[in-house]
Each structure stands twice: as structure tokens, then as C-alpha cells.
Amino acid sequence: MACAGDDRWAPCPCSAAMLRIAQTLNGQLRAAMERAFPEAAQQASAAGQALDPQLAPASKPEFGDFQANGALPLAKPLGQPPRAIAQAIVAQLASEPAFAQLCLEPVIAGPGFINLTLRPERLAAEVGARLADPRLGVPVGANQGAGQGVSAGPVIVDFSSPNIAKEMHVGHLRSTIIGDCLARVLEFRGHPVLRLNHVGDWGTQFGMLITHLKQVAPEALEHPDAVDLGDLVAFYRQAKARFDADEAFQATAREEVVKLQGGDPVSLKAWGLLCEQSRREFQQIYDRLDIRLVERGESFYNPYLQKVVDDLNAATLLVTDDGARCVFLEGMSGKDGKPLPLIVQKRDGGFNYASTDLAAIRYRFSQAGDGASRVIYVTDAGQASHFAGVFQVARRAGWIPQGASVEHVPFGLVQGDDGKKLKTRSGDTVRLKDLLDGAVQRAEADLRLRLDQEGRTEDGAFIQHVAHTVGLAAVKYADLSTNRITNYQFSFDRMLALTGNTAPYLLYAVVRIAGIARKGGDLEAAAAAHLTFTEAQEWALVRELLKLDAVIAEVEEELLPNRLCSYLFELSQVFNRFYDQVPVLKAEEPARSSRLALCLLTTGTLKLGLGLLGIPTLERM
RNA sequence: GGGGCUGUAGCUCAGCCGGAUAGAGCGACGGUUUCCUAAACCGUAGGUCGUGGGUUCGAGUCCCGCCAGCCCCGCCA
């Protein structure tokens, strides 16, 4: 989407600071290549392409800021050594005054790489510009579709989605945390975002739940506030146990499903009570994790299900097979090599999750519904083939508009230390609440131990606040910092470690800067100073800080939060090196103010980045 | 049987349209503190990128085969 395509630095609607410089350089390099090799340029354009400078960030700091690899692939067609080609390109660049204002003399290295280093004064100017920008150089309003008439409809992020009357467990952790992060990034980029909680609030299990409710707590139907159902999980288990053991109960439960689907007011009321109870419990988790969601459960789409089937039939996509109504999928075959069906209506006439997902996708893209431009599903990787089927059918039915996109954002399992799916010692599913409690408790224990060792005293409110912040940050960061597609090994010890790529390490960098401010560093005043840098550690920090806009654009496009985590970790490391080796408060002017300005931009960048991960920061810890 | 994902250092993981000597962190070993929180920093050791082919000037990255693990495959979500 943003800056996508086969040419990374092609001009695009985003006009971000560092990205914009890269685009400018790309244009200058391309023009230089065209002047140096007009025949090759003509051939390329005849083939509908342009010469590609292959501009990329430098692979190592000693190579400068950017490298252009475009000379290498020209060696064979031109029949010249690649270094000679690079030399010719560089000679043409020399005649471009705008290039000389931007970069130092290019260096040809290795087999024919052109290494580019930005002029220091240019980097310092960029730092100054970011200090004056509350968005730190990250533009709003990318992804406008380059005038293709793409609707500016909302981006829908479908995530979390627990089941009513069941407890949120570790299985919901990744969807909730990753989905929230992606929503935050998209929002920050200026997209209207609809965060939808597609809760499982419909289905046959409600037959037994409602029957059980009517029998054990009939008063709840009259005075909803008077009854607290308490532990819904226990309630669910009781109902399930009776359902499995008692045939009469089973029969009543089945009748109850029919009554509920038929709109019986008492059944609906009982259903509503159960949903409300679940909602309260979910909300406690969401509040704790600072996650906003709009609940729109499966039941919302009930009125649209029949039309989905009817319209698929009218489009001649529907086939009745063994009593079930299916759409046979193209390019996906099952056993015997026969096409795989997507069942949209069961033999008994009932609907299933494919029907609901189709109704949802249609509603979300439809102008009468959400009118979305992009829909993102954050669910586990096991559902990949289900979504592939649903997307295909929706596409063939014409429910996904031109220019709109629908994406499954898959993630791997949460595993324990043993490499198997995370379970409690007794083999049960881990409750999300217990997992979060565990993280906070351990964070508190770590903190108390350290206070003890350092002879510090802090009040209870401080300890609670720090433990809560660090514990939850650790859980979120550990999840977000690995590539989501792989399975992720859950370990309290690793995520709460004070060193390495962890939340505490990043939070500590923010705390160090807050410490400088407390000890007399006026960060805000320094922002207006004339910036002069002399030390290697200062320049390393400057270069790292200026990468923010490119990183965020990348996360927006690839929907990979771990890219942002890696960046924030590297920024923290570079900052700690700077902090360790370059004095700030004790430096003479003008170095002192320039360094304070770097501290201000560093803390701003870390707070912004962590904020996009859904992690708040601390002043002391 | 068909399909998907994964396989990179002892462990946990990065690796961004294919680009320079494959990178971190942890752990191990060795160093650094009259100085802004040492929860830090500096250094050393450690890899046949599962395996065999292919494409390419160049492959951890792309294509094909094989091996291993996990997941999905008609009326649960």
C-alpha cells in the first residue's frame, strides 16, 4: 500500500523526511544512469521499465547512509566491468548540483556498489526539523491510492474475538496485542480505523447455556442486576456436564436453540444476559491492556446470512452436495484431487462460520455497510486456508470492490518452554488473566529485590504502578518483537529480563533520559539550539533517529510489528552507547545543548514507538 | 493422499523487491564505575543458513526434489 510496488524508492504519496531524501536520491541516480547509458535507458523504457538504481539503506555503517547496487546488473548487457559502469554513473552525478548539496563524494566499493553518505549538516538539519514536528517526521495521509479513485473508506482491523461465555485465554493474547498494535500504527498514519471485536456470540452452545440459566437462576431473567453469574467458565462447565450426561436436558437445550433463533423474547433475554456478563469480564482485560474495541459479534450478521446464500445461488456459484450448499473452490483440491468445497449452509439448513464470515466481509466492504477500503483479519495461522476460501468466494461473488484489499494477518502458536502449546501444569488452557497477573507479580518481585539491593525506598503506589507497567509491557513486547508468523515461545524470565531485546531495557532508556531532565537538563529549551555534533556516538544516534519514518511506513505496509520493535531496540542500544561514552550535562556549550536535543528526540521517538506498540513509558523505575 | 507454515550460533530470534566478510540478544569467558540510575558499556569465542539440485555476475533470500516438526483438509469456530 504505502510506498509499495516493485520499486522501493519510487515517488509515492508519502512525503516523509528520510523517505523523501531517498526518493530524491533515487531520482538523481536514475537520471545519472540515463545520461551515462542512453541506449540502455531506451531499451529499458521500450520494455516498459526504467533503469533501477537499486538504492537501499547501507548494509553497514562504514558504507555510509545508502548504497546503490544498480551498476551490477548492467555489466552483462553492456559488456563492461561493473566498477566502470559505477564510475560512469558517479561522473554524471557530479554534474548535478542538487546531489552535491545532499551527499558527500560517492565511493565505489566492492564489485561496483556506489556508497552514498549524506552531508552532516543535512542530517543535523533533519534532526532540527523533527524536533519542531510533533509527529517526528512521520506524515499523515499516506495510501491515498495515487488517484485511482480508491474510496477513502475505513481500514477495518478484526482482532481479539473471544467467545461469549468462555474466558479469554492465552489463545486470544496474540490476536489482541498484534491487532491493537496494527490498529495504532494505521491510526497514526491517519487512516480511519474501525477496530472490530468479532466475538463468538451465536451458536448451538447457547441452547445448553440458556437452559441451564433458566433452571439454576430463573430470577436473573426478572432482575438482571440482582444476580451475578460469577465465574462464567464454571457455569459453562456445569452446563456442558449436564448436556453430556442428561438426555432430557439435551432435548430441552436443542429446543432452546430453535427458540433463540426464532426470536423468542425470553430466550433472547437470557442470551443477552450471558453476553453482558462475558462483556464485563472481557472489558476488565481490555482496560488493563489499554485496548479499545468495538464489539460487533457474529450475531450482528444473522439478518444477512440468507441473502449471502441466495445471492451466491443467483450468481450460479452454489452447488448442493450431499445436502449441503457449497461453493467449490478454484485451485484448491482436497482428497482424490476433487475441488474443495466451502460449505455455506449445512444440510439441516443452519449456517456456519463460513456463512457468517462471508456476510461480514460483504457488509464491511459494502457502501450500505462499512464501505471499508481495507480489511485485516488478525487470527492464528491455522485459519489460513479457511480465509483463503472465504476471500476467494467473496471475490468471485463480486463483494470485494476494485482497489480494496482484504488480508489475513496470521500468527503462530504460543508455546511453553517445552516447545509445545502453552498449558498449565495440570494441562489446562492458561487463562489470560492469570498470565497477566503472573507477569505483574514477577515484575513486582524483581523491583522489590532491586530496591532492597540498592537501598532505595519507594511507596506502594510507585511499586504498583511500575510493576503493572513493566509486567504488561513485557508481555506485549515479547509477543510483538518476534516475527508473528512463527510460533512464539512464552517465557516470563526472558520477557522480564532487564537486558537484551525486552520491554524493560527499552523502558530503562526512557528513564535514563528522564533522569537527565531531572538533574537539570532543560530538554525543551535545547530543541531550539543550533545543533553541532562532533562525536561518533552522536552521529550514530542522529542516523538511527532519522530512520523512524521509513520504519513506520514499512510496518504499515507489511503489518509486521517486530520491525518496529527491532528499530526501537537498536535505537535504545545506540542511545545507551551515547549515554555511556558522551557526557551530556557536564559538556560545554554548544555540545551540551545539542546533546540535550538528541536526548529529547530520542525520548520522543521511544515514547512514540512504544505507544504504537501499546506500551506506556515511565519516568522512574 | 492434498495444502499451508516452520527449519539460521548451545538457547531465543532478526535478516526489509537477491548484493559486500550471515547479524542481534541471552548464556559462556575476559574487562570497565571519584561522573546524568552499572537495569549500562567494551571485548573474545561460537554458524556446512535442514538437505540435494537449478536459475543468476551474485542465493539464507527465487524455482524444483527430499527430510523433519507443527497446523488445516464437508456440514465446530
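Chain letters run A, B, ... following the sequence lines, proteins first, then strands; residues in each count from 1. Heavy-atom basis, side chains included; hydrogens, waters and symmetry copies ignored.
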Trainee: Can you list the residues that meet the ring-ring contact (aromatic ring centres under 6.0 Å, His included) rule with A:F37, with sequence neighbours excluded?
Mentor: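 A:F37: no ring-ring contact (aromatic ring centres under 6.0 Å, His included) contacts found.
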
Trainee: Kindly write out the residues that satisfy salt bridge (charged side-chain N to carboxylate O under 4.0 Å, His left out) with A:E330, not counting sequence neighbours, or none if the list is empty.
Mentor: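 Testing A:E330 for salt bridge (charged side-chain N to carboxylate O under 4.0 Å, His left out), a comparison that skips the adjacent residues, returns A:R396.
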
Trainee: Could you check how far CD of A:Q415 sits from P of B:rC13, rounded to whole Å?
Mentor: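 Taking atom P of B:rC13 as the reference, CD of A:Q415 is at 8 Å.
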
Trainee: If you check every side-chain atom of A:I485, which of B:rU6, B:rC17, B:rC42 has the closest atom?
Mentor: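 Nucleotide nearest to A:I485's side chain: B:rU6.
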
Trainee: Can you tell me if A:S566 touches the phosphate of B:rG25, counting only side-chain N or O atoms and a distance under 4.0 Å to OP1 or OP2?
Mentor: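 It does not, given that no N or O in the side chain of A:S566 lies less than 4.0 Å from OP1 or OP2 of B:rG25.
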
Trainee: Whole-Å distance between B:rC73 P and A:Q383 CD?
Mentor: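 Going from A:Q383 (CD) to B:rC73 (P), I get 10 Å.
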
Trainee: Considering only heavy atoms from C-beta outward, does the side chain of A:F113 approach that of A:F63 to under 4.5 Å?
Mentor: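 Result no, sub-4.5 Å side-chain heavy-atom pair not found.
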
Trainee: Any idea which of B:rA40, B:rG19, B:rC41 is nearest the A:Q67 side chain?
Mentor: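 Of the options given, the side chain of A:Q67 lies nearest B:rG19.
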
Trainee: Between B:rG19, B:rC36, B:rA14, which nucleotide gets closest to the side-chain atoms of A:V584?
Mentor: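 Nearest listed nucleotide: B:rC36.
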
Trainee: Distance check, P atoms only: B:rA59 and B:rC49, in whole angstrom units.
Mentor: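 Their P atoms lie roughly 12 Å apart.
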
Trainee: Between B:rC16, B:rA77, B:rA14, which nucleotide gets closest to the side-chain atoms of A:E298?
Mentor: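 Nucleotide nearest to A:E298's side chain: B:rA77.
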
Trainee: Quick test: give all pairs of protein nitrogen or oxygen and nucleotides 55-57 of chain B nitrogen or oxygen below 3.5 Å, distance rounded to 0.1 Å.
Mentor:
unit_1: B:rC57; atom_1: OP1; unit_2: A:K76; atom_2: NZ; d: 2.5
unit_1: B:rC57; atom_1: OP2; unit_2: A:K76; atom_2: NZ; d: 3.3

Trainee: Which residues satisfy the salt bridge (charged side-chain N to carboxylate O under 4.0 Å, His left out) test with A:D244, sequence neighbours excluded?
Mentor: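 With sequence neighbours excluded, A:D244 shows a salt bridge (charged side-chain N to carboxylate O under 4.0 Å, His left out) to A:K240, given in chain and number order.
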
Trainee: For B:rC64 and B:rA22, measure between their C1' atoms and round to the nearest Å.
Mentor: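 One C1' to the other, the span is 25 Å.
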
Trainee: Let me know, please, whether A:P504 or A:S59 comes out on the 5' side of the other along RNA chain B by nearest nucleotide.
Mentor: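 Final value for this comparison: A:S59.
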
Trainee: I need the NE2-C1' distance between A:H386 and B:rA77, as an integer number of Å.
Mentor: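 It works out to 8 Å between those atoms.
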
Trainee: Can you check the distance between B:rG31 and B:rG69, where both ends of the measurement are the P atom (answer in whole Å)?
Mentor: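 Their P atoms lie roughly 45 Å apart.
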
Trainee: With RNA chain B as reference, determine whether A:Y488 or A:I114 sits nearer its 5' end, using the nearest nucleotide of each.
Mentor: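 Of the two residues, A:Y488 wins.
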
Trainee: Under 3.5 Å, side-chain donor or acceptor atoms of residues 413-422 of chain A against the rest of the protein: list the pairs with distances, not counting sequence neighbours.
Mentor:
unit_1: A:Q415; atom_1: NE2; unit_2: A:G419; atom_2: O; d: 3.0
unit_1: A:D418; atom_1: OD1; unit_2: A:K420; atom_2: N; d: 2.9

Trainee: Tell me the interatomic distance from A:F206, atom CZ, to B:rC76, atom P, rounded to whole angstroms.
Mentor: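 My rounded result for the distance is 16 Å.
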
Trainee: Can you tell me how far C1' in B:rC75 sits from the matching atom in B:rU55, rounded to whole Å?
Mentor: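 My reading of the C1' atoms in B:rC75 and B:rU55 gives 45 Å.
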
Trainee: Report the nucleotide, chosen from B:rC17, B:rA20, B:rU12, that has the shortest atom-to-atom distance to any side-chain atom of A:R494.
Mentor: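 Of all the options, the side chain of A:R494 is nearest to B:rU12.
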
Trainee: Check salt bridge (charged side-chain N to carboxylate O under 4.0 Å, His left out) between A:R595 and all other residues, then give those that pass, not counting sequence neighbours.
Mentor: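 Only A:E538 meet the salt bridge (charged side-chain N to carboxylate O under 4.0 Å, His left out) criterion with A:R595.
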
Trainee: For every nucleotide of nucleotides 58-63 of chain B, 5' to 3': is a protein heavy atom under 4.0 Å from its base (B), only from its sugar-phosphate (S), or from neither (-)?
Mentor: ------

Trainee: Considering only B:rC13, B:rC36, B:rA40, which nucleotide approaches the side chain of A:Q489 most closely?
Mentor: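 Side chain of A:Q489 sits closest to B:rC13.
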
Trainee: For atom P, what is the distance between B:rC5 and B:rG43, given to the nearest Å?
Mentor: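 Approximately 40 Å lies between the P atom of B:rC5 and that of B:rG43.
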
Trainee: Rounding to an integer number of Å, can you tell me how far A:N501 CG sits from B:rC11 P?
Mentor: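 Interatomic distance, CG of A:N501 to P of B:rC11: 19 Å.
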
Trainee: Does the side chain of A:F575 reach to within under 4.5 Å of the side chain of A:R512, using non-hydrogen atoms?
Mentor: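 Yes - at least one pair of side-chain heavy atoms lies under 4.5 Å apart.
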
Trainee: Please determine, for the side chain of A:K586, which listed nucleotide (B:rC5, B:rA40, B:rC35) has the closest atom?
Mentor: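 Of the candidates, B:rC35 comes closest.
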
Trainee: Of all heavy-atom pairs between A:R174 and A:R484, which one has the smallest distance, and what is that distance?
Mentor: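 The answer is NH1-O, 3.5 Å.
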
Trainee: Counting only side-chain heavy atoms from C-beta out, which of B:rA20, B:rC16, B:rC42 sits nearest to A:R577?
Mentor: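 Selected nucleotide (nearest to the side chain): B:rC42.
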
Trainee: So, does A:Y477 get its side chain near the phosphate of B:rG25, meaning an N or O under 4.0 Å from OP1 or OP2?
Mentor: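 So the side chain of A:Y477 is outside the cut-off, no N or O lying under 4.0 Å from OP1 or OP2 of B:rG25.
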
Trainee: Where the side chain of A:K519 is concerned, which of B:rC36, B:rG74, B:rC70 is the nearest nucleotide?
Mentor: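 The answer is B:rC36.
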
Trainee: Taking atom P in both B:rC11 and B:rU48, compute the distance separating them and give it to the nearest angstrom.
Mentor: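 Pairwise P distance, B:rC11 against B:rU48, rounds to 13 Å.
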
Trainee: For a quick test of reading the model: is some side-chain N or O of A:K420 closer than 4.0 Å to OP1 or OP2 of B:rC70?
Mentor: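 No, because none of the side-chain N or O atoms of A:K420 sits under 4.0 Å from OP1 or OP2 of B:rC70.
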
Trainee: With the stacking rule set at 5.5 Å and 30°, tell me whether A:F63 counts as stacking on B:rA20.
Mentor: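 Aromatic stack with B:rA20 present for A:F63.
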
Trainee: Is the shortest heavy-atom distance from the side chain of A:W271 to the side chain of A:I164 under 4.5 Å?
Mentor: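 When only atoms from C-beta onward are counted, A:I164 and A:W271 do not touch, as no gap falls below 4.5 Å.
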
Trainee: Quick test of your reading: applying side-chain hydrogen bond (donor to acceptor under 3.5 Å, both in side chains), list the pairs with at least one residue in residues 68-81 of chain A, sequence neighbours left out, ordered by first then second residue.
Mentor: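 Checked against side-chain hydrogen bond (donor to acceptor under 3.5 Å, both in side chains) - neighbours excluded - the pairs reaching residues 68-81 of chain A are A:Q67-A:N69.
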
Trainee: For A:E62, enumerate each residue passing the side chain to side chain donor-acceptor pair (under 3.5 Å) test, keeping only those at least two apart in sequence or located in another chain.
Mentor: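 Here no residue qualifies.
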
Trainee: For A:D158, what residues pass the salt bridge (charged side-chain N to carboxylate O under 4.0 Å, His left out) criterion, not counting sequence neighbours?
Mentor: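 If we apply the salt bridge (charged side-chain N to carboxylate O under 4.0 Å, His left out) test to A:D158, skipping adjacent residues, the hits are A:R364.
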
Trainee: Test A:H198 against A:Y353 for ring pair (Phe, Tyr, Trp, His ring centres under 6.0 Å), laying out the working first.
Mentor: CA-CA 12 Å; A:H198 190 76; A:Y353 66 123; over 10 Å; no

Trainee: Taking donor-acceptor contacts at under 3.5 Å, does the side chain of A:N576 reach the base of B:rA38?
Mentor: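 For A:N576, whose side chain was compared with the base of B:rA38, there is no donor-acceptor pair (under 3.5 Å).
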
Trainee: I need the CE-P distance between A:M332 and B:rG3, as an integer number of Å.
Mentor: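 These atoms are roughly 12 Å apart.
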
Trainee: Students often get this wrong, so: under 4.0 angstrom with heavy atoms, is A:N487 touching a base, only sugar-phosphate, or nothing?
Mentor: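 Since only primed, P, OP1 and OP2 atoms lie under 4.0 Å of A:N487, the category is sugar-phosphate.
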
Trainee: Can you tell which of B:rA40, B:rA14, B:rG25 lies closest to the side chain of A:Q573?
Mentor: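 The nucleotide sitting nearest to the side chain is B:rG25.
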
Trainee: Can you tell me if the side-chain N/O atoms of A:R512 get under 4.0 Å from OP1 or OP2 in B:rA38?
Mentor: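 So the side-chain polar atoms of A:R512 do come within 4.0 Å of the phosphate oxygens OP1 or OP2 of B:rA38, strictly under.
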
Trainee: Specify the separation, in whole Å, of atom CD of A:Q581 and atom P of B:rU33.
Mentor: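 It works out to 14 Å between those atoms.
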
Trainee: C1' atom, B:rA28 versus B:rU21: distance in rounded Å?
Mentor: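 Looking at atom C1' only, B:rA28 and B:rU21 are 24 Å apart.
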
Trainee: If the C1' atom of B:rC41 is compared with that of B:rU33, how far apart are they to the nearest Å?
Mentor: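 10 Å, rounded to whole Å.
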
Trainee: Should stems be defined as at least three consecutive Watson-Crick or G-U pairs with both distances under 3.5 angstrom, which of them involve RNA chain B?
Mentor: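 The stems that RNA chain B takes part in, listed by first number, are B:1-7 with B:67-73, B:10-13 with B:23-26, B:28-32 with B:40-44, B:50-54 with B:62-66.
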
Trainee: For A:N352 and A:S355, which I'm curious about, is there any donor-acceptor pair between the side chains at under 3.5 Å?
Mentor: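 Side-chain D/A pair, A:N352 to A:S355: present.
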
Trainee: How many whole angstroms separate atom CE of A:M621 from atom C1' of B:rA38?
Mentor: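 In whole Å, B:rA38 C1' and A:M621 CE are 14 Å from each other.
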
Trainee: Kindly say if A:N483 contacts the phosphate of B:rC16, meaning a side-chain N or O under 4.0 Å from OP1 or OP2.
Mentor: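 For A:N483, the contact criterion (side-chain N or O under 4.0 Å from OP1 or OP2 of B:rC16) is not met.
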
Trainee: Output all residues satisfying ring-ring contact (aromatic ring centres under 6.0 Å, His included) with A:Y304, sequence neighbours left out; order by chain, then residue number.
Mentor: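 For A:Y304 the ring-ring contact (aromatic ring centres under 6.0 Å, His included) partners, ignoring immediate neighbours, are A:Y363.
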
